[in-house]
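We're numbering straight along the sequence, starting at 1. Just so we're clear, the structure is a prediction, and the values are computed from it rather than from any experiment.
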Amino acid sequence: MTNATAAALIARSNRLGADPKNTNYAGGNTSAKGTETDPVTGQPVELMWVKGSGGDLGTLEESGLAVLRLDRMRALVDVYPGLDREDEMVAAFDYCLHGKGGAAPSIDTAMHGLVDAAHVDHLHPDSGIAIATAADGEALTAKIFGEKVVWVPWRRPGFQLGLDIAEIKKQHPQAIGCILGGHGITAWADSSEEVEANSLWIIDTAAAYIAEYGKAQPFGGVRAGFEPLTPTERRERAAALAGTIRGIASTDKPMVGHFTDADVVLDFLASEQAPALAALGTSCPDHFLRTKVKPLILDLPATASAEEQTARLHELHELYRADYQAYYDAHATHESPAIRGADPLIVLIPGVGMFSYGANKQTARVAGEFYVNAINVMRGAEALSTYSPISDAEKFDIEYWALEEAKLQRMPKPKSHQGRIAFVTGAASGIGKAIATRLAAEGACVVVADLDLQKAQAAAAELGSTDVAIGIAANVADADAVQAALNEAVLAFGGVDLVVNNAGLSLSKPLLETTEKDWDLQHDVMAKGSFLVSKAAARVLIDQKLGGDIIYISSKNSVFAGPNNIAYSATKADQAHQVRLLAVELGEYGIRVNGINPDGVVRGSGIFASGWGANRAATYGVAEEDLGQYYANRTILKREVVPENVADAVYVLTGPELSRTTGLHIPVDSGVAAAFLR
């Protein structure tokens with residue numbers, strides 16, 4: 001049963017973390033001190049519950065708490081070796097843990113354990129960081145809060161900061177908290193209810209003061225030509241630039257992207273001060289660890305053409321990489337970890353919006369959210385004073401901190417398709433759904449594209465959150481609809497790496513009963529549809545310069561002359577040859593094009609359920625419910641083919657093992673000798 005003190009802490013944390021004005025995602029930490037019965041001695045023992053490393057307050061559960069014995073925690077004061085050996089103290093926290101399980105203690109544990117208060121909150125609110133990063137933050141703290149809140153000059157998080165805050169509380173018994181220069185806020189109290197109230201009072205008081213006394217235009221006036229485009233124009237331009245920008249962000253390592261054109265971003269980018277402020281970079285450690293020290297900001301107006309902007313982005317990227325390398329070289333020592341890449345994680349396009357990047361969609365989205373936090377911080381600081389973040393040297397010491405490097409090294413090995421973005425047509429059911437499911441399971445972000453939007457969204461929801469998969473409408477027979485679908489995909493995930501042309505249908509009729517409408521419908525969806533999807537996707541793939549995969553789900557019927565099947569088999573043969581043609585044409589860009597020839601996929605198949613199964617069963621003189629086994633019996637292996645078998649083939653073709661394979665067709669038919677490729 002959860003300890004009552006810990007339960008109250010979790011509830012408080014969830015309330016604070018649920019409101020973005022209080023702290024950023026996974027930012028800050030909370031703690032509570034209380035007693036528990038020691039299972040060894042049966043006597044009461046003083047404990048501290050504190051949010052562990054890497055957790056998020058809004059979603060915190062008991063497993064996300066680190067539990068430490070206070071007597072051992074406080075005893076560390078006597079063995080603290082000083083700033084030069086600060087990092088050793090994090091390892092020492094492990095020897096203070098109580099019981100099994102729980103989260104790893106974070107670097108901020110000392111702040112909570114050493115402060116003489118039962119309850120402590122450390123948060124990263126925009127309003128508080130605005131004061132913390134103002135040039136005259138110390139004077140503003142006194143002016144805004146009086147003696148209730150004390151200024152703490154910037155110090156890197158760690159044991160010494162915990163000692164500093166403990167001493168401040170001791171010297172200022174009337175204080176309820178402090179502003180941590182360049183960083184955030186900390187509040188304390190004797191009860192959970194009181195510390196929550198104190199935290200909110202500091203946050204709201206700072207916000208109210210900024211609103212009342214801040215300048216009306218802290219970012220200056222609007223730059224002519226840099227105003228926001230219309231919503232439609234913004235999204236069209238963003239989609240046109242997405243491939244190029246993702247390629248820029250992925251030069252050293254493939255990244256997934258996120259796009260936002262929120263008003264807060266557009267207003268900032270239109271302002272006179274945006275270039276200078278962006279160049280100063282972010283300040284709060286949580287911010288720049290996610291966003292890099294500064295963004296890449298395009299210096300052309302929104303009225304420039306996409307071609308002009310693309311060319312300039314490539315120039316700015318080279319300058320950015322050189323600047324980041326210089327930043328690394330200026331501050332690195334022989335003990336520093338190797339440079340982790342010199343590409344931007346935030347790319348700002350005036351009049352259009354912001355692209356943010358990360359190893360996965362959640363990380364990319366959160367990076368964008370953090371930069372919005374940074375904009376809010378800059379606005380508040382500039383409204384009252386001058387924005388003055390911590391120095392590049394301090395930023396480097398945190399970005400390339402040995403503890404941060406150790407945390408990165410502990411991360412699990414990525415799955416085979418992590419960082420890849422898949423666009424699968426006809427993916428709401430049958431083979432397409434199985435492919436989407438397999439790719440998502442292997443770490444890919446998946447766009448479930450289908451003619452039926454509701455079914456596409458439902459299928460995507462089964463795969464996880466919108467950080468994993470989205471469902472979109474896609475009529476592959478319509479060029480405008482295809483382009484709109486690809487635009488939606490690249491704006492959702494930053495680009496596309498893996499395209500599966502799976503959408504299809506079939507009408508089983510002999511030649512004399514096949515109408516022109518029958519012929520056109522099947523060729524429009526499969527032959528023309530595959531062409532349109534491949535063409536639209538190829539533009540993005542080429543712009544990204546990351547290579548990629550295009551997969552055609554063709555059919556055994558592309559090479560086998562079955563009865564009563566003229567229209568379907570002819571269009572499948574068309575698709576099969578598109579594979580060969582595009583493999584040759586797109587190979588110079590590192591794009592692989594391969595095909596899969598399934599047969600007899602009855603179970604779960606949308607095509608078979610829509611009447612094709614009944615027609616095929618009638619053609620072969622068997623009951624429809626026996627059709628799957630009929631197909632299996634006529635194969636060499638005598639095994640039924642199911643959608644997951646086709647998904648397995650897609651996984652293999654698009655994984656790392658066949659990186660030198662293109663122009664290939666893989667039969668997934670349990671062995672049909674008449675369809676052997678020659």
What is the minimum heavy-atom distance between [X] and [Y], and which atoms define it?
{"X": "His183", "Y": "Cys284", "answer": "O-SG, 3.5 Å"}
{"X": "His665", "Y": "Ser554", "answer": "CE1-CB, 4.4 Å"}
{"X": "Asp549", "Y": "Leu653", "answer": "OD1-O, 3.8 Å"}
{"X": "Pro228", "Y": "Leu266", "answer": "CG-CB, 3.8 Å"}
{"X": "Ala367", "Y": "Arg290", "answer": "CB-O, 3.5 Å"}
{"X": "Ile472", "Y": "Phe423", "answer": "CD1-CE1, 3.8 Å"}

Tell me yes or no: between the side chains of [X] and [Y], is some donor less than 3.5 Å from an acceptor?
{"X": "Thr310", "Y": "Glu307", "value": "no"}
{"X": "Tyr25", "Y": "Gln362", "value": "yes"}
{"X": "Gln544", "Y": "Tyr589", "value": "no"}
{"X": "His124", "Y": "Asn373", "value": "no"}

Answer yes or no: is there an ion pair linking [X] with [Y], defined by an N-O contact shorter than 4.0 Å?
{"X": "Lys51", "Y": "Asp56", "result": "no"}
{"X": "Arg235", "Y": "Glu488", "result": "no"}
{"X": "Lys455", "Y": "Asp450", "result": "no"}
{"X": "Arg246", "Y": "Asp543", "result": "no"}
{"X": "Arg312", "Y": "Glu308", "result": "no"}
{"X": "Arg321", "Y": "Glu318", "result": "no"}

Any side-chain heavy atom of [X] sitting closer than 4.5 Å to one from [Y]?
{"X": "His314", "Y": "Thr244", "answer": "yes"}
{"X": "Val446", "Y": "Phe493", "answer": "no"}
{"X": "Pro275", "Y": "Arg223", "answer": "yes"}
{"X": "Leu269", "Y": "Ile349", "answer": "no"}
{"X": "His317", "Y": "Pro344", "answer": "yes"}
{"X": "Val352", "Y": "Asp261", "answer": "no"}
{"X": "Ser271", "Y": "Val222", "answer": "no"}
{"X": "Ile553", "Y": "Val650", "answer": "yes"}

Counting distance only, does the side-chain N/O of [X] pair as donor-acceptor with the main-chain N or O of [Y] below 3.5 Å?
{"X": "Arg379", "Y": "Ala374", "answer": "no"}
{"X": "Glu233", "Y": "Thr230", "answer": "yes"}
{"X": "Asn594", "Y": "Thr661", "answer": "yes"}
{"X": "Thr23", "Y": "Gly27", "answer": "yes"}
{"X": "Lys395", "Y": "Thr282", "answer": "yes"}
{"X": "Thr662", "Y": "Ala583", "answer": "no"}
{"X": "Asn22", "Y": "Leu16", "answer": "yes"}
{"X": "Arg237", "Y": "Thr232", "answer": "no"}
{"X": "Thr425", "Y": "Ala503", "answer": "yes"}
{"X": "Asn14", "Y": "Leu60", "answer": "yes"}

Measure the spacing between [atom1] of [X] and [atom2] of [Y] and express it to the nearest 0.5 Å.
{"X": "Phe268", "Y": "Gln273", "atom1": "CZ", "atom2": "CD", "result": "9.5 Å"}
{"X": "Ile107", "Y": "Ser53", "atom1": "CD1", "atom2": "OG", "result": "9.0 Å"}
{"X": "Ile129", "Y": "Ser283", "atom1": "CD1", "atom2": "OG", "result": "8.0 Å"}

side-chain hydrogen bond (donor to acceptor under 3.5 Å, both in side chains) assessment of Asp497 paired with His417: CA-CA 10 Å; Asp497 301 295; His417 286 59; over 6 Å; no
Using a 3.5 Å cut-off and no angle test, enumerate the donor-acceptor pairs between side-chain atoms of residues 534-542 and protein atoms at least two apart in sequence or in another chain.
unit_1	atom_1	unit_2	atom_2	d
Ser534	OG	Asn501	ND2	3.0
Ser534	OG	Ser530	O	2.9
Ser534	OG	Tyr552	OH	3.0

Parallel, tilted or perpendicular, as decided by the 30° and 60° cut-offs, for the rings of His331 and Phe396: tilted
Please check if the number of heavy atoms outside [X] that lie under 6.0 Å from its [atom1] is greater than 12.
{"X": "Glu272", "atom1": "CD", "value": "yes"}
{"X": "Glu61", "atom1": "CD", "value": "no"}
{"X": "Lys545", "atom1": "NZ", "value": "no"}

Cation over ring face, Arg365 and Phe370, 6.0 Å, 45°: no
Cationic tip of Lys292 above Tyr324 ring, under 6.0 Å, 45° of axis: yes
Partners passing ring pair (Phe, Tyr, Trp, His ring centres under 6.0 Å) against Tyr371 (at least two apart in sequence or in another chain): none
Passing candidate, side-chain contact (heavy atoms from CB on, under 4.5 Å) with Ile596, options Asn502, Ile431, Ile551: Ile551
